[in-house]
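Lettering follows sequence order; numbering is per chain, from 1. Predicted, not measured: the structure shown is a model, and the values here were computed from it.
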Amino acid sequence: AQSVTQLDSHVSVSEGTPVLLRCNYSSSYSPSLFWYVQHPNKGLQLLLKYTSAATLVKGINGFEAEFKKSETSFHLTKPSAHMSDAAEYFCVVSKRGKLIFGQGTELSVKP
Amino acid sequence: DTAVSQTPKYLVTQMGNDKSIKCEQNLGHDTMYWYKQDSKKFLKIMFSYNNKELIINETVPNRFSPKSPDKAHLNLHINSLELGDSAVYFCASSHAAGTGGNYEQYFGPGTRLTVT
């Protein structure tokens with residue numbers, strides 16, 4: 001069965017320091033994976049997607065994620081956090097068009 | 001603006017009432033979805049329609065009835081509202097998913113439903 005596990009429910013970083021949000025997936029075949037961001041009281045915005053074309057995926061706002069099949073991971077990174085990055089982040093796997101969401105990671109950014 | 005829109009943004013109602021949430025997309029997509037986000041921010045799919053045809057129906061009480069008058073609209077009607085229905089409901093759309101494709105989905109701003 002398809003599933004994703006986000007390893008941290010909350011991550012706190014200082015502005016200007018790197019961001020790492022961890023996600024492991026479970027899939028019986030090559031998955032389609034996504035990261036979505038939800039700012040407070042807003043809808044979900046697609047950050048990036050992996051669909052087997054390249055293992056390192058670049059997204060919007062300086063985010064990127066690396067697909068590692070051997071580790072079944074799809075961690076989200078950003079070299080330097082901005083205050084505006086504070087939000088909830090969801091790792092998502094797609095199964096026949098149905099998005100299966102992880103539990104979410106709340107990212108806090110301290111000045 | 002091209003987008004997925006939902007109305008209303010906020011909905012406060014009493015137990016036992018019937019209410020509807022409307023969703024429209026002008027992205028030219030064939031598939032639309034309803035998701036529910038609970039108080040712990042967990043998101044779960046409820047329904048999906050492809051070209052007005054129901055293709056995904058998760059284990060949702062039959063008090064919830066989606067209706068798709070055309071492929072640009074997917075409305076959600078809820079009968080006999082209960083306290084546990086309080087949540088944020090998101091509409092989304094994508095290119096055709098019925099063939100097994102896994103296209104990205106574009107989400108509306110959400111409707112916060114509060115049942116008192």
Kindly indicate whether the side chain of [X], heavy atoms from C-beta on, has any atom under 4.5 Å from the side chain of [Y].
X       : Y       : value
B:His77 : B:Asp18 : yes
A:Ser32 : A:Lys49 : no
B:Leu76 : B:Leu74 : no
A:Val11 : A:Tyr89 : no

Side-chain donor/acceptor of B:Asn26 to backbone N/O of B:Ala3, under 3.5 Å:
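Yes.
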
Best-contacting candidate, A:Gln103, A:Gln45, A:Glu88, against chain B by heavy atom pairs under 4.5 angstrom
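Top option by heavy-atom pairs under 4.5 Å: A:Glu88.
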
Shortest non-hydrogen separation from [X] to [Y] and the atoms involved:
X       : Y       : result
A:Trp35 : A:Cys23 : CZ2-CB, 3.5 Å
A:Ser73 : A:Asn24 : CB-OD1, 3.5 Å
B:Ala92 : B:Tyr35 : CB-CE1, 4.2 Å

Full working for side-chain hydrogen bond (donor to acceptor under 3.5 Å, both in side chains) between B:Ser94 and B:His29
CA-CA 5 Å; B:Ser94 75; B:His29 290 159; 5.8 Å; no

Heavy-atom distances under 4.5 Å only: say whether A:Glu106 touches chain B with side chain, backbone, both or neither.
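No part of it gets close to chain B.
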
Structural part of A:Leu46 lying under 4.5 Å from a heavy atom of chain B:
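Contact with chain B involves the side chain of A:Leu46 alone.
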
Report the C-alpha separation of A:Asp85 and A:His82 in whole Å, then their side-chain angles, then the decisive distance to 0.1 Å, and conclude whether the side-chain hydrogen bond (donor to acceptor under 3.5 Å, both in side chains) test is met.
CA-CA 5 Å; A:Asp85 294 328; A:His82 292 178; 5.0 Å; no

Using a heavy-atom distance cut-off of less than 4.5 Å, which residues of residues 78-91 of chain B contact chain A?
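Those residues of residues 78-91 of chain B which have a heavy atom under 4.5 Å from chain A are B:Phe90.
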
Any residues in residues 106-116 of chain B near chain A, with a heavy-atom distance under 4.5 Å, and which are they?
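The residues closer than 4.5 Å to chain A, in numerical order, are B:Phe107, B:Gly108, B:Pro109, B:Arg112.
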
Which answer fits [X], side chain, backbone, both or neither, if we ask what part of it has an atom under 4.5 Å from a heavy atom of chain A?
X       : answer
B:Gln37 : side chain
B:Ile56 : side chain
B:Lys9  : side chain

Just checking A:Glu15: does its CD atom have more than 12 heavy atoms from other residues, nucleotides or ligands closer to it than 6.0 angstrom?
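Enclosed: over 12 neighbouring heavy atoms sit under 6.0 Å from CD of A:Glu15.
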
Anything under 30° is parallel, anything over 60° is perpendicular, the rest tilted; go ahead and classify A:Tyr50 against A:Phe74.
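Tilted.
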
